Number of protein chains: 2
Amino acid sequence: MAHGAVTIIDVARAAGVSKSAAARVLAQNGSASDVTRKKVLEAADRLGYRPNQLARAMKSGATNTIGIVVPDVAIPFFSAVLRGLTDTARAAGFEVLVSNTDNDADIEARSLELLAEQRVDGIVIAPVFQPEPSALIRLQNEGMPIVLLDRRMPGLEELPLVSIDHVDATEQAVRSLIELGHRRIALLTEAVQVHSTLEAFTEGPGQGSDVSLLRPSAQRLIGYLRALRQAGIAIDEDLIIRSGYTTELAQEAVEAFLDRSPDVTALHATDAVLSSGAYRGIRSRGLRIPEDLSLIGFDDQDWTTMVQPPVSVVEQPRQRLGATATTTLVGMIRGGTAEPRRQMLAAELLVRGSAAPR
Amino acid sequence: MAHGAVTIIDVARAAGVSKSAAARVLAQNGSASDVTRKKVLEAADRLGYRPNQLARAMKSGATNTIGIVVPDVAIPFFSAVLRGLTDTARAAGFEVLVSNTDNDADIEARSLELLAEQRVDGIVIAPVFQPEPSALIRLQNEGMPIVLLDRRMPGLEELPLVSIDHVDATEQAVRSLIELGHRRIALLTEAVQVHSTLEAFTEGPGQGSDVSLLRPSAQRLIGYLRALRQAGIAIDEDLIIRSGYTTELAQEAVEAFLDRSPDVTALHATDAVLSSGAYRGIRSRGLRIPEDLSLIGFDDQDWTTMVQPPVSVVEQPRQRLGATATTTLVGMIRGGTAEPRRQMLAAELLVRGSAAPR
DNA sequence: TTGAAAGCGCTAACAG
DNA sequence: CTGTTAGCGCTTTCAA
């Protein structure tokens, strides 16, 4: 290593003491006389000594590094999470290694393997949905501290999860629409489940199987069903707009929907990508927001406050999600204290001008 | 280390060969008989051996890790750069460690120090503007491979820089406005230099001192001056709108400007943040785009295609900037071949509906 | 082809 | 308080 070639031995030699004496003062543990300390510190400073964390990690078994694995750091949600994550990690004395998976299970597995080889002390991951998350399970079994972000799936029941309350998020949005007097409320979703499949979950918290094992999109759909059921509004499958996960597909889906359902008065899009598609679709059909159709989007994206009127959205505390995940992970790394199996941060409905009374 | 506790010694023992024999086959160098190879591989597989990159790095002096230091990974420009960076790094066999500086020189210095302690093989950095980037210079002197991203400053002349051609980017936008017949063209800028200071740079490429040592904002201002000068349009200091670096300040600056200069027909905002402020300011003054005022923004942000009409912008190839920086860095790490001192990727004017003929 | 041994930089007993 | 010593896991001569 060209840079930082000065080692603890160089310092010791320059200070005229033994290697271990130097090590003791440099690592701030063990004891040393004032004069030794001074000599060592002075020498270290003069030589530009910089501790080699590799060697430290080698001995201690702790790299003070954590890994984060997400689909794509360029997606605003994840880049904000990453920000919260890095800040918190730094404050706790950890560096962070990032990986993108592009929602590919193989890439994810490879990334996890690489992080493990780097001997990270723990991992925060927004896992790719897959039938058998074996790479993750393997690491878990080996005792690697792992925190799930945003979602969980079967096989990962034991891992702590940090996310918003997806059910509640959509429930809030839809309920606010109901309170505005809307009855024909459409939901734009990526979920594929028909509502009868989700019936068991709509009866309120604590019922049925574990909601947290469903995809966020399905959980949000449940929130919609719950809000309607609570208000005594019958579920109409036709009001549930299914869409693939791109803005273009969402736009097309919304356009087709609007063409066949002119009586709808409100729409809630359950995701950032779907929200922009919805907005585009509504505009392309010449409908005015909120006069002709009320809209509530998801995630506080830039554009939602740049358009007229600004769009009401359900906002996720993105940075706090990252920060909380990190705090939890650090707790696992340091303490081994049992971490909460699920931490749900509150999503907040930002009321702006895109939803009006009916 | 609880996880991955199986070492090369365990494998060797299980395979009934020596440590070094196992090491040779596992590291794919040196020679080994087929039978040995088979036994070792089988044992490694059965035991779930995972190489310890720390130990490898310890010996080889290469961690196969690079660091990236930016103001804020949550800013769309940097998150996209990071994406390009990580992809390219991975493909070249490197992991990436991220740091945010919040444009604070002290945090930057601390981050660099930490990366150096982690023994990263190289660093890509969008440096904080500061009179004396001593932490960076120190690392440079120690031989750390470093690539500058987006900007350079005095003291860092020797480091390779990867950025767009800031001068050309603005020049393109302003020239297109001129071609549309505009003469009273305003520029929204964060730069503080008055145009006479920049006079020397406006005479075309290759003249005067090194443009690359100026801030991007100043370079972009030069592009504006050049375009006007080439078209024989006199520079009017009053058309240069100075703003602090927030959307709010930009909006206020534009509003105040519009109030005092009703004869302006076009405006170019030289940065993403300033662009949204400009858009808001224009709308709040009730001006129609492009009927009353033509607008060209900077950076292809989400909102620019969500509003009506969509906003023309100068787009930076963000991911490619990250990829190019990484390729350059890897070249320095591996080869020591002299890297180009500056690589300028072309910015592209995306023509949409916000600029109209005059 | 194979094994023994040294050593990367640091920490942590253990004696003195 | 201080120095000697033994590794952490791996790679890499060097002999055999």
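Chain naming here is simple, since letters A, B, ... match the order of the sequence lines and numbering starts at 1 in each. No experiment lies behind these values; they were computed from the predicted model shown.
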Exercise. Using five base pairs at each end, measure the axis-to-axis angle across the helix from dT1(C)-dA16(D) to dG16(C)-dC1(D) and round it to 10 degrees.
Key: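 It works out to 50° between the end axes.
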
Look at the side chain of [X] and decide which nucleotide, out of [options], has an atom nearest to it.
X        : options                 : answer
Lys19(B) : dA6(C), dG9(D), dT1(C)  : dA6(C)
Lys59(A) : dT1(C), dT11(C), dG9(D) : dT11(C)
Val17(B) : dT2(C), dC8(D), dG3(C)  : dG3(C)

Between the side chains of [X] and [Y], is a donor N or O closer than 3.5 angstrom to an acceptor N or O?
X         : Y         : answer
Gln53(A)  : Gln118(B) : no
Ser163(A) : Arg342(A) : yes
Arg119(A) : Thr63(A)  : no
Arg110(A) : Ser99(A)  : no

Check the phosphate of [N] against [X], side-chain N and O only, distance under 4.0 Å to OP1 or OP2. Yes or no?
X        : N       : value
Arg24(B) : dT2(C)  : no
Thr36(A) : dT2(D)  : yes
Thr7(A)  : dC8(C)  : no
Ser18(B) : dG3(C)  : yes
Asn29(B) : dT11(D) : no

Practice problem: Can you tell me the distance, in whole Å, between the CZ atom of Arg56(B) and the P atom of dT12(D)? | Solution: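 That distance rounds to 10 Å.
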
Practice problem: Answer with base, sugar-phosphate or nothing: what part of the nucleic acid does Ala27(B) contact at a heavy-atom distance below 4.0 Å? | Solution: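 Ala27(B): backbone/sugar contact only, no base atoms under 4.0 Å.
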
Quiz item: What nucleic acid atoms does Ala23(A) come within less than 4.0 Å of, heavy atoms only: base, sugar-phosphate, or nothing?
Solution: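 Ala23(A): base contact, heavy atoms under 4.0 Å.
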
Quiz item: Does some side-chain heavy atom of Arg152(A) sit less than 4.5 Å from a side-chain heavy atom of Arg341(A)?
Solution: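 SC-SC contact between Arg341(A) and Arg152(A) confirmed.
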
Quiz prompt | Donor-acceptor pair under 3.5 Å, Ser20(A) side chain vs dT4(D) base | solution =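 Such a pair is found, so the answer is yes.
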
Practice problem: Give a yes or no answer on whether the side chain of Glu339(A) reaches the backbone of Pro160(A) with a donor-acceptor pair at less than 3.5 Å. | Solution: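 Answer holds: no.
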
